[in-house]
Amino acid sequence: MKEIIVEGGSPLRGDITVQGAKNALLPILAASILTQDEIELTNCPHLSDAVCMLAMLRDLGCRTEETDGTIRVCARDLAEMPLKDALTCRLRSSIFILGPLAARLSHATLGYPGGCDIGLRPIDLHIKGLRALGVTVTEEEGHIHASCTRLRGAEVYLDYPSVGATENVMMASALAEGETVIHNAAKEPEIVDLQNFLNQMGGRVAGAGTGHITVQGVKKLHGCRYEIMPDRIATGTWMIASVLTKGDIYLRNAIGEHVAALTNKLRDGGAEIKKDGDGLRVRMHKRFRAGGMVETMPYPGFPTDLQSPMMTLLSVADGTGMLMENVFENRLRLAGELKKMGADITVRERLAIIKGVQKLKGAQVHTFDLRGGAALVLAGLAAEDETRITDDHLIERGYDRLEETLYALGARVRVRE
Ligand code: UD1
């Protein structure tokens, strides 16, 4: 268990470069096994989730190497070997391996995926999509088995635009025979990044970023070099941190379009957000003004991953704010921890009503999930006195050296392992 000790009160100021996107890197690492050639990925954040994914790839016979933001994967000797349940159950993204592995080797066995405890996280849509491509999927004794002859292109209709299911079907169908059309596909920017990566490998994927993705299967994919997109959730977290602390942060490489839903809410509350060169400048001079409802939805709606940092901001806002969590129900558990710091939050099922208080007070709090953990660190920045956050290494799943970025921005933060 790690303890992060934050002394609040300093406005965050300075320039930082936004890390590469966790949610683009994880599916792209899984997609690397679609070719026998070497893949080189640049702009990779150093995250424990990526370390875990790389360990799984090595268990499948891949060669992997990670140095200074570059990851190389070579799946020439890919073999269907049992993956350690201890790894698959640590990571929701382990499910990404199912589609590509079935496409390359015609067989795949996987323990049930884990990940942050943020609510029910079924995999029915992944399975439905793979079955449509001709994969036989069976589940027994806590394991999922997939087998097929050659995958066949198909019309896949997703009942919900699941990010992971869209990606799994895209990866598997890249090597299928004929055309696949994914209807009601997720539109997140990370899906576009996966499309670009698959096309860089010689794939024929079009339509990512819209609700209909078309994949023309090819016989073989080849190696490539690819740069991972900037992380829009890390971008949003730092934007909220700047507004919360009445700071002034320049986010190099941030893509404004990817955070439009958040930008709109922050501007409504009085923040100054400007595109500037290759990034965004986020400034705030006064107390954030709450107003209306923030409702999480699939992209381009307000992202569920930024709901927790937004709850911290609303806790000290001028007025009453409301947050409706439509994607992962357990994310509102953060309210209990913020209340220990003096926040005034009432939770009714998926709705949180947050009456802004003048100041939060430092307290001993505990992280339940990755984004909730970051939200507690932000709360510490805005609180009087010292906040001690016990973190079961959840924050490092998604934020690359969070504490170092905070020091660089002038925050007073210490870590005790
Ligand atoms: C991805 C992101 C995660 C983000 C989420 C929503 C990665 C690695 N993680 O997670 O950070 O919070 O998108 O933007 O990219 N669902 C089903 N059946 C399925 C799959 C999903 O019912 O087979 C439901 C989930 O329970 C959830 C909703 O669909 O309520 C959204 O899940 P999904 O879009 O699949 O999220 P993930 O891919 O797990």
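Numbering of ligands and ligand atoms starts at 1, following listing order. Note that this is a predicted model, so its numbers are computed, not measured.
Distances from atom 35 (O) of ligand 1 to the heavy atoms of P303, A165, S162, P161 put S162 nearest. Proximity annotation for atom 22 (O) of ligand 1: of A21, G398, P122, P122 comes nearest, heavy atoms only. The closest heavy-atom contact to atom 27 (C) of ligand 1, among the options F96, Y299, F328, comes from F328.
The proximity of V163 to ligand 1, defined as any non-hydrogen pair under 4.0 Å, involves the side chain as well as the backbone. When heavy-atom distances to ligand 1 are checked against a 4.0 Å cut-off, R331 comes that close only through its side chain, counted from C-beta outward. Contacts of D305 with ligand 1, taken as heavy-atom pairs under 4.0 Å, involve the side chain alone.
Side-chain contact between Y226 and D193 is present, with heavy atoms from C-beta onward closer than 4.5 Å.
Note: an N/O pair closer than 3.5 Å links D124 and ligand 1 by distance alone.
A salt bridge links R281 and D276; the closest N-O separation between the charged side-chain nitrogens and carboxylate oxygens is under 4.0 Å. Under 4.0 Å is where a charged nitrogen must lie from a carboxylate oxygen, and between E40 and R72 at least one such pair does. Under 4.0 Å is where a charged nitrogen must lie from a carboxylate oxygen, and between R232 and E190 at least one such pair does.
R350 pairs in a salt bridge (charged side-chain N to carboxylate O under 4.0 Å, His left out) with only one of the listed residues (E295, E325, E329), which is E329.
Of all the atoms in ligand 1, the ones that sit under 4.0 Å from a non-hydrogen atom of S93 are 8 (C). Close approach of ligand 1 to Y160 is summarised as follows: ligand atoms under 4.0 Å from at least one heavy atom of the residue are 28 (C), 29 (O), 31 (C). Within the listing of ligand 1, atoms 35 (O), 38 (O) sit less than 4.0 angstrom from a heavy atom of G164. Here is the list of ligand 1 atoms found below 4.0 Å of a heavy atom in R92: 20 (C), 21 (C), 39 (O). Counting the atoms of ligand 1 from 1 in the order shown, those under 4.0 Å from a heavy atom of H126 are 23 (O).
In this structure, the side chain to side chain donor-acceptor pair (under 3.5 Å) partners of R58, at least two apart in sequence or on a different chain, are T64.
Using cut-offs of 30° and 60° on the angle between ring planes, the pair H126 and F96 is tilted.
Applying the salt bridge (Lys or Arg N to Asp or Glu O under 4.0 Å) rule to pairs touching residues 151-176 yields K128-D159, sequence neighbours excluded.
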